[in-house]
Amino acid sequence: MTVTEIKVKEYRNASERTVVLDKERNAFVGANARGKTNLLEAVYFAGVGKSFRTPRDRELIKNGMPRAYINVTAVRDGFTETVSIVIDRETNKRVAINGLAITRMSELMGVCPVVLFCPDGLKIIKDAPSDRRRFMDISLCQISKAYFSALTRYGKVLQSRNKLLKSGGANGSTLAPWDELLADVGAKIIKSRRGFIRELAPIAAERHAFLSSAGEKLDLEYEGTGGETAEEIKENLLKSFTHDRADDMRLGYTHTGPHKDDISIAVDGSDVRAYGSQGQQRTAALSMKLAELALLTNVMGTSPILLLDDVFSELDPARRNKLLGAIQGVQSIITTTDRSDFDGTGINIIDI
């Protein structure tokens with residue numbers, strides 16, 4: 001998969017802009033606040049249907065304008081795919097693929113797959129479990145429309161169960177049907193996530209050994225309700241719901257399920273989430289992202305677009321060179337303020 005062109009109109013700080021990309025490595029170079037990250041964000045939006053910088057789509061509309069437009073054109077296996085998005089102040093966003101409007105966001109998943117690493121990427125290591133769950137979910141949603149649907153369904157059922165818990169009308173009889181639904185769809189999510197981490201772990205360990213010059217060993221493991229099959233996981237979830245019922249009713253929310261799960265991340269046997277240095281956390285996060293890129297490529301049969309936002313300023317020269325070596329053959333879009341970062345690299349530099 002390669003993006004050939006990005007077009008935006010009334011988007012962020014741009015009245016109108018078109019950028020043509022090289023099929024491999026591209027660097028957006030310019031001073032701060034010129035719009036480098038905005039263009040990278042537009043590609044991400046075309047990939048997953050939302051921004052990585054704000055949950056409020058309307059913040060992407062240029063001040064004083066009624067709507068913003070994003071068009072991203074990509075080529076996959078010789079076929080051109082154009083994702084067109086209209087973000088409106090008055091109505092929901094509208095998405096079309098090759099001119100045909102889609103009715104469900106699941107239809108967008110996998111059309112223009114992306115992998116993002118940005119300064120906030122360290123959140124998958126050092127911040128809350130929700131950031132690590134989001135890491136898994138974004139990848140799995142691009143791989144599987146069924147996973148996207150299950151995740152959406154789980155959110156709705158969880159909301160309904162929590163609403164019942166807060167209402168004061170919750171008891172064993174009223175909770176039972178919600179427990180059944182939540183355990184059924186939750187088991188599918190946990191099974192998919194656990195499988196994803198098992199496939200990701202050895203690739204991440206290999207990438208980490210490369211970036212750290214074999215100086216450290218990275219281990220990943222999914223932390224959640226036990227079980228290998230969906231049936232086993234469902235049974236264990238139902239047991240947990242029963243065990244936690246009194247606390248759930250007292251506090252008004254669901255204590256157990258995939259919305260509470262995490263990823264264990266260890267470097268040389270030590271929990272890097274809590275005890276790792278900033279350098280160790282950065283290398284672990286980058287290793288996970290490079291592993292995500294490789295895994296999605298293997299599963300989807302095409303390389304996602306790699307988006308690297310202001311990453312080079314966070315890396316020492318040795319790791320910077322290793323990263324450039326690791327992404328050869330993959331289309332990447334890199335943002336930086338320093339043109340000298342790419343002296344002698346042959347990267348396509350686009351002044352922003």
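Residues take their numbers from the sequence shown, with the count starting at 1.
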Mark yes or no for whether [X], through its side chain, and [Y], through its backbone, hold a donor-acceptor pair below 3.5 Å.
X	Y	value
R94	I87	no
S270	V272	no
D268	K217	yes
Q331	D22	yes

Within the structure provided, determine whether [X] and [Y] are in side-chain contact (heavy-atom separation under 4.5 Å).
X	Y	result
I125	M288	yes
Y69	V8	no
I327	R25	yes
K239	H243	no
K93	V86	no
L182	F241	yes

Q: Determine, for F210 and K322, whether the Lys NZ or Arg CZ falls below 6.0 Å from the six-membered ring centre while staying within 45 degrees of the axis.
A: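 The answer is yes; both the distance and angle limits are met.
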Could you tell me whether [X] and [Y] make a salt bridge, using a distance below 4.0 angstrom between a side-chain N and a carboxylate O?
X	Y	result
D131	R134	yes
R339	D351	yes
R273	E223	yes
K234	E231	no
E228	R198	yes

State plainly whether one hydrophobic cluster holds both [X] and [Y], where clusters connect Ile, Leu, Val, Met, Phe, Trp and Tyr through side-chain heavy atoms under 4.5 angstrom apart.
X	Y	value
F312	I333	no
F135	M109	no
V19	L116	yes
I85	V114	yes
I263	L140	yes

Q | Shortest non-hydrogen separation from F28 to I6 and the atoms involved | A | CZ-CD1, 4.1 Å
Q. Closest approach of D88 and R58, non-hydrogen atoms and distance?
A.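 That would be O-NE, 3.7 Å.
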Give a yes-or-no answer on whether the side chains of [X] and [Y] include a donor-acceptor pair shorter than 3.5 Å.
X	Y	value
S84	N71	yes
Y147	R193	yes
R161	T254	yes
S277	Q281	no
T225	N236	no
Y222	D261	yes
D248	H255	yes
T4	T73	no

Q | Name of the residue among T302, L200, V115 meeting side-chain contact (heavy atoms from CB on, under 4.5 Å) with L296 | A |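 Only one of T302, L200, V115 forms a side-chain contact (heavy atoms from CB on, under 4.5 Å) with L296, namely V115.
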Q: Check side-chain hydrogen bond (donor to acceptor under 3.5 Å, both in side chains) between Y275 and all other residues, then give those that pass, not counting sequence neighbours.
A: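 Result, side-chain hydrogen bond (donor to acceptor under 3.5 Å, both in side chains) vs Y275: none returned.
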(Q) Other residues, nucleotides and ligands only: do more than 12 of their heavy atoms fall within 6.0 Å of NZ on K166? (A) yes
Acceptor/donor pairs from residues 37-46 side chains to any protein atom, 3.5 angstrom cut, sequence neighbours excluded:
unit_1 : atom_1 : unit_2 : atom_2 : d
T37    : OG1    : D309   : OD1    : 2.7
T37    : OG1    : D309   : OD2    : 3.3
N38    : OD1    : R53    : NH1    : 2.8
N38    : OD1    : R53    : NH2    : 3.3
N38    : ND2    : N13    : OD1    : 3.0
E41    : OE1    : Y11    : OH     : 2.7
E41    : OE1    : R12    : NE     : 3.0
E41    : OE1    : R12    : NH2    : 3.4
E41    : OE1    : R53    : NH1    : 3.0
E41    : OE2    : R12    : NH2    : 2.8
E41    : OE2    : S51    : OG     : 2.5

